[in-house]
Amino acid sequence: GDSVTQTEGQVALSEEDFLTIHCNYSASGYPALFWYVQYPGEGPQFLFRASRDKEKGSSRGFEATYNKETTSFHLQKASVQESDSAVYYCALGDPATGGNNKLTFGQGTVLSVIP
Amino acid sequence: GGIITQTPKFLIGQEGQKLTLKCQQNFNHDTMYWYRQDSGKGLRLIYYSITENDLQKGDLSEGYDASREKKSSFSLTVTSAQKNEMAVFLCASSINWGGYAEQFFGPGTRLTVL
């Protein structure tokens with residue numbers, strides 16, 4: 001079945017550091033790939049999506065590029081702020097199920113940014 | 001804009017108890033979802049409802065029932081709470097079921113079973 005693996009369970013950075021959170025997937029065909037962010041005490045929020053190879057998704061200074069060759073969708077931000085401290089989830093939607101909203105989520109990565 | 005409201009915010013139950021969690025959305029969205037969130041395991045889909053009169057099992061439906069009372073509300077019942085269980089239950093909605101529509105989440109209900 002489909003799966004999403006986020007390599008880092010926790011990431012600790014200082015303000016203005018460069019962020020990379022690794023996301024690799026396993027699925028047939030061309031799944032849609034997503035990033036969601038969850039701030040403390042809130043539910044997850046949609047960050048952005050990409051649906052085809054080499055497509056870049058971006059929002060709020062975060063970006064990720066769909067790479068079918070390496071089956072990856074790594075999240076990056078050039079300069080993190082304390083307000084970026086949150087849990088980040090990578091997810092996929094499998095077109096084999098009809099392009100619907102049944103998403104498979106990764107385990108989540110806790111980002112802590114120290115001022 | 002809109003909002004998803006989940007009640008209660010905290011729920012403490014006893015082993016074997018039947019517990020009900022409620023969710024309301026004012027987006028006028030067709031599709032609603034219940035997820036379970038466990039530390040280190042991400043989000044897992046319990047039940048979803050594509051439209052007002054629909055109910056579908058997700059990957060983690062055993063031990064749960066759900067009810068879509070009307071378009072704006074979706075309830076989840078834990079049929080028999082398990083001792084020492086701790087998890088956050090998240091309700092979400094999307095405009096429809098197709099096209100990888102953005103899902104909007106509520107703040108969650110945190111369950112503790114004594």
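Predicted model, so just to flag it, every value in this text is computed and none were measured. Below, chains carry the letters A, B, ... as their sequence lines are ordered, and counting in each starts from 1. For the numbers below, each heavy atom of this structure counts, side chains included, while hydrogens, waters and symmetry mates do not.
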Same cluster or not: are [X] and [Y] linked, directly or through other Ile, Leu, Val, Met, Phe, Trp or Tyr residues, by side-chain heavy atoms under 4.5 angstrom apart?
{"X": "V11(A)", "Y": "Y89(A)", "result": "no"}
{"X": "L19(A)", "Y": "V110(A)", "result": "no"}
{"X": "V4(A)", "Y": "I21(A)", "result": "yes"}
{"X": "V113(A)", "Y": "V87(A)", "result": "no"}
{"X": "Y66(A)", "Y": "Y88(A)", "result": "yes"}

Exercise. From Q38(A) CD over to F105(B) CZ, what is the distance, rounded to the nearest 0.5 angstrom?
Worked result: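 One gets 8.5 Å once the value is rounded to the nearest 0.5 Å.
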Exercise. Quick one: CG on N101(A) to CD on Q103(B), what's the gap to the nearest 0.5 Å?
Worked result: 5.0 Å
For this session: Residue by residue, scan residues 22-45 of chain B and write down, ordered by number, those that have a heavy-atom distance under 4.5 Å to chain A; if none do, write 'none'.
Result: Y33(B), Y35(B), Q37(B), G40(B), K41(B), G42(B), L43(B), L45(B)
Taking [atom1] in [X] as the centre, count heavy atoms belonging to other residues, nucleotides or ligands within less than 6.0 Å. Is the count above 12?
{"X": "L13(A)", "atom1": "CG", "answer": "yes"}
{"X": "K57(B)", "atom1": "NZ", "answer": "no"}
{"X": "I3(B)", "atom1": "CD1", "answer": "no"}

Exercise. So do K102(A) and W97(B) actually touch side chain to side chain, heavy atoms under 4.5 Å?
Worked result: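 Side-chain contact under 4.5 Å: yes.
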Looking only at heavy atoms, what is the nearest atom pair of [X] and [Y], with distance?
{"X": "P44(A)", "Y": "L90(B)", "value": "CD-CD1, 3.8 Å"}
{"X": "Y100(B)", "Y": "G93(A)", "value": "OH-O, 3.5 Å"}
{"X": "P107(B)", "Y": "G41(A)", "value": "CB-O, 4.0 Å"}

Exercise. If you tally heavy-atom pairs under 4.5 Å against chain B, which of Q45(A), R49(A), E42(A) wins?
Worked result: R49(A)
